[in-house]
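Comments concern the structure below.
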Amino acid sequence: MDEKTLWYVKRVNAEEYRDIVPDRRIFFNEPDFTELNKDKVDEIYYLVFMRENSARFGLITGRVGCEMRTPFSAPYSYPVAIINESKQETIDAALDVFEEYCIEEGIESIRFILPPLFYDEHQISGWVSALYRNDYRFDNVDLNYALDLKKLNVDEETYGQLITQKGRKGLRRARRAGLDIIKCKSEKEYLEAYRIVQIGHDAKGFPTHLTFEQLMSTLRLVGHDVFIVRKGDVGIVSEFLYRINNRIVQGIYTGTHPDYMECNGMNLLTYYTIGYYAEQGFEILDKATAGKDSIPNYGLCNFKESVGCERSLKYTFKKELKKG
């Protein structure tokens, strides 16, 4: 019997999805996060891929016009396996029935933005293979940077030997600048950190996509940390980080005040957060992409590499569906 004939797609509501898909792997696969952003799509679909009577994969996706987007308001997401055994043929079959389902719903195109492979290499590699073989095109292939906390959680002298000369010089300048790091606790401190991000983004011509209120609404749903680097009484660097799962923390927003670039506050904060999260059992500090639409921002790439980040790839796939 053809494997594909055993499969179908079941649409459920958010509560049912929570029950059927108990391990959703990453914060951006959480129904609470999805519901917070429901105004950004025409319709949310909570889908379960069934093989006969067995639930095999869960997927949250959003419809925007005639396009199905996974995710629709996040850096990435992906279908998650409900049972441990997910053979490549089952991934292929699930993708086939998903496309058929989308065509029945009047969808004309599908977009997937997947996490870097280190989030769940076994599963994500399977989906990359299936998408590529089913005529999805690479819409973007972005460079993503991350810190290996097991490797880099060492004393400062050893850390200096593991990073570039530029990174070592930056950390030494930061030490000489007499900087302090605080972990934000009050809303006033959160707002100070947000304003540093805004100032830093504005100086570089980068958008700050979330308002302070929108960011705070998201922080209420996820484990997180917010840090400020201060020189005296002046906040010069800040970073907002999400605890994506029990292995990975991601820097969501960072900013450096342009008047204090020479203090190299981000070098100091990077070294500090490596130790901070490693001691709590995390393995990876995801520092996100460095560029836009597959085009690297060389300055940002060079900085991230200088503090010990390693490159990975983040894929965006897209396909125009054929009807009939």
Side-chain angles (χ1 to χ4, degrees), residues 145-206 208 212 215-216 219 223-243 249-280 282 284-288 290 297 299-310:
Y145 286 89
L147 295 160
D148 181 338
L149 300 183
K150 291 183 178 179
K151 173 184 175 183
L152 298 173
N153 182 34
V154 291
D155 62 83
E156 192 166 326
E157 182 178 352
T158 305
Y159 172 71
Q161 296 170 0
L162 296 173
I163 61 177
T164 69
Q165 183 180 21
K166 179 181 177 181
R168 289 192 294 274
K169 287 182 177 179
L171 187 54
R172 286 198 295 266
R173 289 194 196 102
R175 291 297 190 192
R176 290 196 297 267
L179 307 179
D180 296 307
I181 297 173
I182 70 159
K183 186 174 184 292
C184 297
K185 297 179 181 179
S186 68
E187 185 167 333
K188 181 180 178 181
E189 290 171 338
Y190 278 49
L191 181 57
E192 179 187 356
Y194 180 80
R195 286 174 174 164
I196 295 169
V197 169
Q198 276 189 312
I199 291 168
H201 282 199
D202 289 348
K204 294 181 178 180
F206 297 160
T208 305
F212 179 68
L215 179 58
M216 290 299 291
L219 293 178
H224 64 273
D225 302 283
V226 185
F227 297 98
I228 295 174
V229 180
R230 285 184 175 153
K231 183 173 177 59
D233 295 331
V234 180
I236 65 170
V237 170
S238 68
E239 184 168 26
F240 290 79
L241 303 106
Y242 292 169
R243 298 181 177 217
V249 178
Q250 184 179 34
I252 294 297
Y253 269 153
T254 61
T256 300
H257 196 295
D259 294 343
Y260 294 89
M261 296 293 291
E262 74 282 358
C263 293
N264 293 96
M266 187 54 73
N267 292 71
L268 182 63
L269 184 58
T270 299
Y271 179 64
Y272 177 84
T273 51
I274 287 169
Y276 180 85
Y277 288 113
E279 289 175 7
Q280 296 185 48
F282 289 94
I284 295 170
L285 180 46
D286 181 358
K287 301 297 282 187
N297 178 324
L300 193 53
C301 290
N302 291 340
F303 172 76
K304 292 186 179 186
E305 291 173 23
S306 77
V307 296
C309 289
E310 297 179 358

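Keep in mind that what you see is a predicted model, and the values were worked out from it rather than measured.
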If you round to the nearest 0.5 Å, how far is CD of E305 from NZ of K166?
10.0 Å

Only one of L219, L215, L241, V249 passes side chain to side chain contact (heavy atoms under 4.5 Å, CB included) with H224, and that residue is L219

Quick check: do [X] and [Y] have side-chain heavy atoms less than 4.5 Å from each other?
| X | Y | value |
| --- | --- | --- |
| L268 | L171 | yes |
| V229 | Y260 | no |
| F303 | N267 | yes |
| H257 | K231 | no |
| Y277 | L147 | no |
| Y271 | I163 | no |

Count the heavy atoms belonging to other residues, nucleotides or ligands that lie under 6.0 Å from [atom1] of [X], then report whether that count exceeds 12.
| X | atom1 | answer |
| --- | --- | --- |
| Q165 | CD | no |
| R195 | CZ | no |
| M216 | CE | yes |

When the side chains of residues 176-189 are checked against the rest of the protein, which donor-acceptor pairs come out under 3.5 Å, sequence neighbours left out?
{"residue": "K183", "atom": "NZ", "partner": "D225", "partner atom": "OD1", "Å": "3.3"}
{"residue": "S186", "atom": "OG", "partner": "E189", "partner atom": "N", "Å": "3.2"}
{"residue": "E189", "atom": "OE1", "partner": "K185", "partner atom": "N", "Å": "2.7"}
{"residue": "E189", "atom": "OE1", "partner": "S186", "partner atom": "N", "Å": "3.3"}

By the definition salt bridge (Lys or Arg N to Asp or Glu O under 4.0 Å), identify the one residue from R172, R168, R175 that meets it with E156.
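Going through R172, R168, R175 one by one, the salt bridge (Lys or Arg N to Asp or Glu O under 4.0 Å) with E156 is satisfied by R175 alone.
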
So, for Y159 and V307, which heavy atoms are closest and what is the spacing to 0.1 Å?
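Answer, listing the atom of Y159 first, then V307: OH-O, 2.7 Å.
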
Minimum-distance pair of heavy atoms, taken over all atoms of I196 and S238
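Between these two residues, the closest heavy atoms are CB-OG, 3.5 Å.
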
Spell out, as yes or no, whether a donor-acceptor pair under 3.5 Å connects the side chain of K304 to the backbone of K287.
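Yes, the answer is positive, given that a donor and an acceptor are paired below the 3.5 Å cut-off.
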
